[in-house]
Amino acid sequence: MITKDIAYIGVQDHSIDLFEGQYTVPNGMAYNSYLITDEKTAVMDTVDSRFVEQWLDNIRAVLNGAAPDYLVVHHMEPDHSSGIAAFMQAYPSATVVASRMAFVMMKNYFGSDFADRRIIVSEGSTLSLGRHQLTFVTAPMVHWPEVMVSYDACDKVLFSADGFGKFGALDADEDWACEARRYYIGIVGKYGAQVQDLLKKAATLDIAIICPLHGPVLKENLGYYIDLYDTWSSYRPESKGVLIAYTSVYGHTKQAVELLAETLESLGCEKVSVTDLAREDMAEAVEDAFRYDRIVLATTTYNGDIFPYMREFIHHLTERNFQNRTVALIENGSWAPQAAKVMTKMLEQCQNLTFVQPQVKLQCALSDASRECIAQLAQALCK
Ligand code: FEO
């Protein structure tokens, strides 16, 4: 139980290969759902399609077979909405409560928008269950346009949809921030302004418990989580440190990166994180780019462009509004290096980037000149 009246009825997914079709989740995924028992009962969201029967069993177990009155839908992404049609079929007397846009999506997903069994809610709408009264707060683009969150003033609970979620099933024994950050930056990172808007609305509420759709229920030290969300959504670096993200075809660019990392460490740089974009988790690299205040991009010239993994990485950054960071570039090219020029062009749209000099140019392999250049770059990055 979350509180005397609010039960957890979510499911744990340990068989998923890629969450949302792209994110590795070594510790699985939780699809959370909650049930509020009062004079009227309300189920808060559904679960992924592979777990709908298990979720319906969870509802039956809590209600001893009684029928719930409401299904509240905060978000229509299928990891939370796949059970709507089965729920409405299992409980013909139930009413579904959602935003107008969510009902449009229901029609598109299920062929029905449940026109005779629905309540359309919008900003500030309320739903009384008895002692518990839910107030709905719209949260467009956190992370889809139809999203809303709801607040139960009785138990001071915020049902926060994807907000404050993380990768990992609930039995994962791991640091919250690490997988919450990778989740946030990857999935919601583009929508910082919209998250800021939601945080402003949430600041007017007296919140004791946050019930997200993924990851653990948050009951203590809520300021810690809210502060992290404020940092992430305002695109401020969270920590001092240098991420060196690289690709290397035959190892020469890698040697330059290793030399830079060693030099930065010898100079006492707070944190140096190195990632091979072709071999390591792209989402982790993107997370670290937003986590630290400095980034070094090192890649080869390739087909008159840059190496594909670096192109993909920079695209992940720019589409998430990468900004407010210090950037350094290392390029390699055996006959006509131009990777730095391509990378600079790709980053043109980003706000408030400071490019650190010198740019390092490798022609084939490290040379005395490029070693000296790396030493100077390390000094400049540590200033
Ligand atoms: Fe967990 Fe945007 O769905």
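Fair warning: this is a prediction, and the values are worked out from it, not measured in the lab. Just so you know, ligand 1 is whichever comes first in the structure, and atom 1 is the first atom listed for that ligand. Note: hydrogens, waters and symmetry copies are ignored here, and every other heavy atom, side chains too, is used.
Side-chain contact between F136 and V72 is present, with heavy atoms from C-beta onward closer than 4.5 Å.
Every salt bridge (Lys or Arg N to Asp or Glu O under 4.0 Å) that D13 has, sequence neighbours left out, goes to R50. For K156, the salt bridge (Lys or Arg N to Asp or Glu O under 4.0 Å) criterion is met by D206, not counting sequence neighbours. Under the salt bridge (Lys or Arg N to Asp or Glu O under 4.0 Å) criterion, K345 pairs with E348, sequence neighbours left out.
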Fill in: H214/N32 under side-chain hydrogen bond (donor to acceptor under 3.5 Å, both in side chains): CA gap, chis, key distance, verdict
CA-CA 6 Å; H214 301 290; N32 296 339; over 6 Å; no
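Around atom 1 (Fe) of ligand 1, protein atoms of type N, O or S found under 2.8 Å number 4.
Cluster membership for Y292 and M343, using ILVMFWY side-chain heavy atoms within less than 4.5 angstrom, is shared.
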